[in-house]
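Each chain gets a letter, A, B and so on, in the order the sequences are listed, and its residues count up from 1.
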2 protein chains.
Amino acid sequence: MKISAQEEYGLRCLVQLASVTNGETLTLPQIAELEGISQSNAGKLMWLLNKSGFVKATRGTKGGYSLARPADEIYLSEVIKVLDDDEIEGHCGSYTGVLDSCVHTGDCGIRSVIVGLHEIVQNALSNVTLSQLVGTEKKVDERFHRIQRMAQ
Amino acid sequence: MKISAQEEYGLRCLVQLASVTNGETLTLPQIAELEGISQSNAGKLMWLLNKSGFVKATRGTKGGYSLARPADEIYLSEVIKVLDDDEIEGHCGSYTGVLDSCVHTGDCGIRSVIVGLHEIVQNALSNVTLSQLVGTEKKVDERFHRIQRMAQ
DNA sequence: TCTAATCTTGACTGAAAAGTAAAGATTTGA
DNA sequence: TCAAATCTTTACTTTTCAGTCAAGATTAGA
């Protein structure tokens with residue numbers, strides 16, 4: 001029951017975008033530097049977040065990424081759903097539909113546990129928006145210092 | 001944020017043991033059959049569960065596995081902790097201690113989300129015992145039919 | 001004591017997730 | 001138009017997780 005790398009870094013990147021002033025963008029190299037991951041890796045995450053409508057991407061000089069919607073309207077539950085393929089999966093098939101491909105036919109105790117946990121987690125995440133994570137993320141000054149150093 | 005195979009099948013095997021009458025045991029082939037996994041795989045899980053004190057194992061003819069404690073005193077939270085290495089892990093290090101090996105120094109928003117989720121899940125699981133999952137698991141008759149067929 | 005049934009252990013194999021690399025496409029501005 | 005900056009896409013490599021295999025150790029019972 002661990003958060004996946006995709007979920008964790010996807011969220012982190014969004015929080016970075018949520019913490020720049022409105023209208024500004026962050027480029028791939030900037031995001032990568034801020035999160036301590038490679039540019040390739042960041043690129044893959046941002047591509048996914050763009051595809052699923054959380055960020056806008058603009059190419060070319062002066063391009064970069066920005067949130068597609070206000071940070072206080074993006075709930076962590078939506079983000080996690082996308083980064084997690086939106087399935088309740090066990091290891092003998094998906095619990096979203098009917099389990100008929102394994103020995104655990106019909107309802108079983110474990111099924112209700114897995115589905116229950118999924119609901120609890122989703123519910124908790126549906127009470128938190130990106131904007132609530134900004135600021136605690138790290139000191140704003142420090143962030144800008146890093147970006148400025150990069151720009152030189 | 002998915003349950004791992006080890007967690008899921010570890011729990012499943014314990015529920016099977018919880019559902020046999022007191023004093024009886026289940027052998028590796030029986031457990032494997034009931035859960036639809038290989039004997040090797042079941043062996044590994046049971047070894048882990050034995051090592052961490054949830055089951056007793058006896059070797060030799062008439063041997064097998066049984067719960068080491070009453071089913072209504074085994075909480076899912078304990079089981080998951082063991083099957084999950086008892087760590088709150090993100091992907092830039094453990095959140096149990098201090099994060100000093102990555103760019104996310106000090107407290108960050110994501111950290112509180114991950115730790116918070118972990119607490120919510122543990123809390124939910126600490127309200128469920130193995131015995132509460134017995135019976136819903138599958139019809140008892142069906143289970144015994146399978147075991148009896150194997151014995152022939 | 002011997003054999004069959006059973007758990008135990010460590011090495012091996014395969015699959016899935018994570019991360020990397022490089023070439024392509026688009027845009028801005030000179 | 002051209003070059004530089006930027007995102008996009010696909011293929012590849014590495015690492016981690018899951019699962020398998022086979023030999024070993026222990027026990028019960030004949």
Taking 4.0 Å as the cut-off, does a side-chain nitrogen or oxygen of B:Asn50 come that near to OP1 or OP2 on C:dT8? yes
Can you check each nucleotide of nucleotides 21-30 of chain C against protein heavy atoms at under 4.0 Å and return B for base, S for sugar-phosphate only, - for none, in 5' to 3' order? B--BBBBB--
Could you check if a side-chain atom of A:Leu130 sits within less than 4.5 angstrom of a side-chain atom of A:Ile74, using non-hydrogen atoms only? yes
State, with a plain yes or no, whether a side-chain heavy atom of B:Leu125 is found less than 4.5 Å away from one of B:Tyr75. no
Under 3.5 Å: donor-acceptor pair, side chain of A:Glu7, backbone of B:Met1: yes
If we only count heavy atoms from C-beta on, is the A:Gln122 to A:Ile80 side-chain gap below 4.5 Å? yes
Are there over 12 heavy-atom neighbours, none belonging to A:Asn22, within less than 6.0 Å of that residue's CG? no
Does B:Trp47 put a side-chain nitrogen or oxygen below 4.0 Å from OP1 or OP2 of C:dC7? no
Look at the side chain of A:Gln30 and the backbone N and O of A:Thr27, then say whether any donor-acceptor pair between them is shorter than 3.5 Å. yes
Base, sugar-phosphate, or nothing: which does B:Gly43 touch, judged by heavy atoms less than 4.0 Å apart? nothing
A:Leu45 CG to D:dT8 P, in whole Å, measures 13 Å
A:Gln30 has an atom CD; how far is it from atom P of D:dT6, in whole Å? 8 Å
From the list A:Glu78, A:Gln6, A:Glu8, side chain to side chain contact (heavy atoms under 4.5 Å, CB included) partner of A:Leu83 resolves to A:Gln6
Identify each atom pair where a protein N or O and an N or O of nucleotides 15-19 of chain C are less than 3.5 Å apart, giving names and distance.
residue	atom	partner	partner atom	Å
C:dA18	OP1	A:Ala5	N	3.1
C:dG19	N7	A:Lys44	NZ	3.2
C:dG19	O6	A:Lys44	NZ	2.8

Please report the distance, rounded to the nearest Å, between CD in A:Gln39 and P in D:dT8. 13 Å
If you check the B:Tyr65 side chain, which of C:dT8, C:dT6, D:dT6 turns out closest? C:dT8
Hey, are the side chains of A:Tyr95 and A:Glu89 touching, using non-hydrogen atoms and a 4.5 Å cut-off? no
